[in-house]
Each structure stands twice: as C-alpha cells, then as structure tokens.
Amino acid sequence: MKKIHIKDVWLFVAQVLLLSLTLLSPGLISYVTTHDIQVVWGSLMVSAYWLAPAIVVYLLNFYLFVPMLWFRHRRWLFVVTDTILIVFSNSHMLFKDFQTLPEGTLAGYSSFLIFSLLVNLMAIGIALSIRYMMRQSEKKQKEVEAELAWLKNQINPHFLFNTLNNISSLTQIDADKAQDTVMQLSDLLRYAMYETNKPKVPLEGEVEFIRNYIELMKLRCNEMTTVYSQFSIVNCQLEVAPLLFISLIENAFKHGMNSNAPATIDISLTQKDSTLVFNCDNTNNPKPTKDRSGSGIGLENTRRRLNLLYQGRYQWEQTITPDNIYHVKITLQL
C-alpha cells in the first residue's frame with residue numbers, strides 16, 4: 001500500500017476548500033447583494049446544477065484517471081472513461097426533455113450546455129496540467145536527491161586504505177595510539193554510514209567528524225608539515241548539510257604536505273548566529289603535471305552541493321596568496 005504523505009493530505013484539503021469556495025461563491029455573492037435566503041438558495045442550486053459535474057470530473061481525473069490511466073499509457077481507456085464520466089455526470093442536462101423548456105429558451109440552454117461541457121473538458125486539462133507539474137517537480141527532486149547522495153559519497157576511498165596502512169605501521173611503534181586511532185576511524189565510519197542519511201545534521205556531530213578526520217589525516221604528515229585546527233561553535237544544534245567540507249580538507253592534506261620543505265595546513269570552522277564560516281589554508285604544493293588524479297574534483301563536488309543546497313545563501317572565496325598559500329573560504333547562511 002502506498003504511504004500517504006502529509007503534503008498529499010494538505011493538497012487534498014486545499015483542493016476541496018478551493019472547489020467548495022468555487023461552488024458556493026454564487027450563493028455568497030447573492031447573500032451579500034440581496035440578503036434574500038430564497039435568492040441565495042436559488043443561486044446555490046444553479047451553481048450545483050452547472051458546476052458540480054465539472055468538479056466531480058476534475059477530482060476523479062486528478063486522483064484516479066490521470067495517474068492510473070494517462071501516466072500508464074492507457075490513453076484510449078482514459079479517453080473512453082472520461083467520455084463516459086462526462087456523459088454520466090451531465091446526464092441531467094444532456095437528456096433533459098427539451099420540450100419542457102420555456103418558449104424561446106432552447107438556444108440559451110444549448111449555449112449553456114455547450115459551455116458546461118467545455119468546462120468539463122477544461123477540468124480534465126487542469127487536472128492533467130497540475131499532475132504533470134507535480135510529476136516534473138518530483139522527478140527533479142529525485143534527481144537532486146540522487147546527485148546529492150552521489151556527491152556526498154565522494155570521500156576518497158584511498159583515505160580508508162591509507163589510514164589502515166598507517167594504523168598497521170603504528171601498531172609496531174605505539175600500540176596505545178594505534179588503538180585510539182582505530183576508535184577514531186570507527187567513529188568516523190559510523191557517522192558517515194549511519195548519521196548522514198538525513199539532508200542536514202547537527203553541527204555538533206559534524207564538528208566531531210571533522211576533528212576525527214583531521215586527526216586521522218595527520219597520520220600521513222611528516223615532521224615538515226604543521227597542522228592547525230580551530231572550532232568555534234556557539235550553537236551546536238544548528239544544522240548543516242553533512243560531509244560538506246570533507247573534500248576541501250582532503251585536498252588541503254593532499255596538496256599541502258611536503259616532505260622537502262616546511263608546510264602548513266590551517267583549518268577553522270566558526271559559527272555566529274546563523275552564519276557558518278569555513279576556512280582552509282594550506283601551503284600550495286601542486287601535484288606534478290603527469291599526476292593529476294582527482295585534481296579539482298573535490299572543489300567541483302563541494303560547489304555543486306552548495307549550489308543545490310544553499311543557492312543564494314553562500315559565498316565562496318578561492319585564492320592563492322603571494323606567499324603561496326592556497327586559501328578557500330565558505331560563508332554559509334544556515
């Protein structure tokens with residue numbers, strides 16, 4: 001059985017209210033202008049006589065015929081079913097004994113009948129149009145969700161392999177530190193697998209993940225590389241998209257480490273009110289021209305996620321300073 005979402009309930013309620021208002025509006029107008037109950041009742045009867053069939057046609061098409069017939073490519077059955085529905089719902093007008101009409105009113109009645117049938121066809125068209133717009137919106141939403149899921153999962157798998165190799169080496173040097181590192185890796189993987197399935201996560205969990213990630217990445221650094229990290233979070237319950245900055249941190253270590261000269265990696269995350277600022281600076285050590293694996297992918301993925309999730313609510317800075325420091329700054333409005 002298909003799960004009923006709250007938005008579907010609200011859509012149904014909104015449509016019923018709007019259609020009810022359309023049906024009752026002639027009576028309301030009559031009441032405001034005449035205050036005569038008999039006139040109001042007559043207006044409601046005329047409204048129900050001409051508009052009720054179109055409302056029935058719209059609702060049945062919106063909730064049954066369009067999704068179950070039209071979208072399943074049973075177009076001929078859709079046309080036949082709607083034809084039968086229009087004839088049946090308008091039978092009180094179509095099969096009326098025209099000889100009982102007052103003299104001189106046949107032409108007017110025929111015009112109203114044609115107009116009523118056109119309104120029924122318009123109701124079908126409106127139901128189709130709204131369903132198409134909803135379907136396109138849902139399709140777009142699914143595409144965005146799929147792309148976000150793909151982008152979120154682009155943490156380099158080499159990170160895991162390198163970390164395991166570093167832990168393996170560490171067990172021979174410092175068993176206690178190796179055990180702590182395994183726990184950090186376990187917490188990191190647990191968070192990445194189980195805590196990031198939601199569109200947004202509390203800052204508290206994200207900061208702890210980044211801390212663990214940096215500590216594990218530091219295992220790859222030699223004595224020539226200095227790593228700084230600073231976190232200033234006032235409201236840990238504010239939410240942010242998960243794993244948003246990890247690719248940038250990974251790039252900082254990938255391009256910032258240097259075994260031949262002093263290098264620096266400086267990462268900070270600051271929150272004030274509803275503004276979150278991520279800074280990442282690293283000594284710029286470009287990879288050799290022949291080794292361009294993964295070059296730029298992390299930046300592209302991050303910018304793509306920002307455009308999808310925070311369009312119009314973020315600022316991006318990316319520069320190389322005169323003293324050869326690669327600088328990236330992201331300012332988010334949460």
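Rounded to the nearest 0.5 Å, atoms CZ (Phe115) and CG (Asn120) are 10.5 Å apart. Note that OG1 of Thr226 is 13.0 Å distant from CE of Met257, once rounded to the nearest 0.5 Å. Atom CE in Met133 sits 12.5 Å away from atom CD in Glu138 (nearest 0.5 Å). The CD1 atom of Ile249 lies 4.5 Å from the CD1 atom of Ile214; values are rounded to the nearest 0.5 Å. From Ser25, atom OG reaches atom CG of Leu23 across 8.0 Å, with rounding to the nearest 0.5 Å. In this structure, CZ on Phe78 lies 4.5 Å from CG on Asn61, to the nearest 0.5 angstrom.
Other residues, nucleotides and ligands contribute at most 12 non-hydrogen atoms within 6.0 Å of the OH atom of Tyr228. Trp316 CH2: more than 12 foreign heavy atoms inside a 6.0 Å radius. For Gln318, the CD atom counts as densely surrounded, since its 6.0 Å shell holds more than 12 non-hydrogen atoms of other residues, nucleotides or ligands. Around CE of Met183, the count of heavy atoms belonging to other residues, nucleotides or ligands within 6.0 Å does not exceed 12. Around the CE atom of Met68, the shell of radius 6.0 Å holds no more than 12 heavy atoms that belong to other residues, nucleotides or ligands.
Under the 6.0 Å distance and 45° angle rule, Arg131 does not count as a cation-pi partner of Trp70.
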Open item on the list: Please determine whether side chain to side chain contact (heavy atoms under 4.5 Å, CB included) holds for the pair Leu243 and Arg305, giving the CA-CA distance in whole Å, both sets of side-chain angles, and the decisive distance to 0.1 Å.
Closed with: CA-CA 10 Å; Leu243 311 182; Arg305 286 189 71 195; 4.3 Å; yes
TODO: Under the side chain to side chain contact (heavy atoms under 4.5 Å, CB included) rule, what do Leu216 and Phe253 come out as? Steps first, then yes or no, please.
DONE: CA-CA 11 Å; Leu216 292 174; Phe253 279 91; over 6 Å; no
TODO: For Ile246 and Phe209, run side chain to side chain contact (heavy atoms under 4.5 Å, CB included): C-alpha distance rounded to whole Å, both residues' side-chain angles, the deciding distance at 0.1 Å, then the answer.
DONE: CA-CA 9 Å; Ile246 295 303; Phe209 178 86; 3.2 Å; yes
- [ ] Step by step, work out the side chain to side chain contact (heavy atoms under 4.5 Å, CB included) result for Ile86 and Ile124.
- [x] CA-CA 10 Å; Ile86 290 175; Ile124 297 173; 3.8 Å; yes
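Pairing each heavy atom of Pro199 with each of Pro242, the nearest pair is O-CD, 3.2 Å. Contact between Leu203 and Asn235 at its shortest, heavy atoms only, is CD1-O, 3.8 Å. The two residues Cys221 and Val227 come nearest to each other via the heavy atoms SG-CG2, 4.1 Å. Between Ile233 and Thr270 the shortest heavy-atom distance is CD1-C, 4.5 Å. The two atoms that bring Asn251 and Leu299 nearest to each other are ND2-N, 3.9 Å, heavy atoms only. Between Leu238 and Gln271 the shortest heavy-atom distance is CD1-NE2, 3.6 Å.
Applying the ring pair (Phe, Tyr, Trp, His ring centres under 6.0 Å) rule to Phe88 yields no partners; only residues at least two apart in sequence or on another chain are considered.
Val119 and Ile55 fall into different hydrophobic clusters, where Ile, Leu, Val, Met, Phe, Trp and Tyr side chains are chained together by heavy-atom contacts under 4.5 Å. When hydrophobic clusters are built by joining Ile, Leu, Val, Met, Phe, Trp and Tyr residues whose side-chain heavy atoms come closer than 4.5 Å, directly or via intermediates, Phe231 is grouped together with Ile330. Linking Ile, Leu, Val, Met, Phe, Trp and Tyr whenever their side-chain heavy atoms come within less than 4.5 Å puts Leu64 and Val56 in one cluster. Criterion: ILVMFWY side-chain heavy atoms under 4.5 Å apart, direct or through other members. Under it, Leu51 and Val57 are not part of a common hydrophobic cluster. A single hydrophobic cluster is not seen to contain both Leu59 and Val9; linkage of ILVMFWY side chains at heavy-atom distances under 4.5 Å, directly or through other members, places them apart.
Annotation: side chain of Leu77 is not in contact with side chain of Phe65 (no heavy-atom distance under 4.5 Å). With contacts defined as side-chain heavy-atom distances shorter than 4.5 Å, the pair Gln184/Asp187 does not qualify. Looking only at side-chain heavy atoms (C-beta outward), Val66 and Tyr132 stay at 4.5 Å or farther from each other. When side chains are defined from C-beta on, Leu306 counts as touching Leu332, because their heavy atoms get closer than 4.5 Å. A heavy-atom distance below 4.5 Å is found between the side chains of Leu244 and Tyr310. Proximity of Phe245 to Thr302: side-chain heavy atoms (C-beta onward) are nowhere separated by under 4.5 Å. Looking at His73 and Arg75, their side chains come closer than 4.5 Å, going by heavy atoms from C-beta outward. Between Cys236 and Val207 there is no side-chain heavy-atom pair separated by less than 4.5 Å.
We find that Glu215 and Lys218 are joined by a salt bridge, their nearest charged nitrogen and carboxylate oxygen being less than 4.0 Å apart.
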Under 3.5 Å, which donor-acceptor pairs link side chains of residues 273-281 to any protein atom two or more places apart or in another chain?
from   : atom 1 : to     : atom 2 : distance (Å)
Thr275 : OG1    : Gln333 : OE1    : 3.2
Thr275 : OG1    : Gln333 : NE2    : 3.3
Asp281 : OD1    : His327 : ND1    : 2.5

Without placing hydrogens or testing angles, list every side-chain donor-acceptor pair under 3.5 Å for residues 11-22, not counting sequence neighbours.
from  : atom 1 : to    : atom 2 : distance (Å)
Gln15 : OE1    : Tyr58 : OH     : 2.2
Gln15 : NE2    : Tyr63 : OH     : 2.7
Ser20 : OG     : Val16 : O      : 2.7
Thr22 : OG1    : Leu18 : O      : 2.9

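Here the side chain of Ser186 pairs no donor or acceptor atom with the backbone of Val182 at under 3.5 angstrom.
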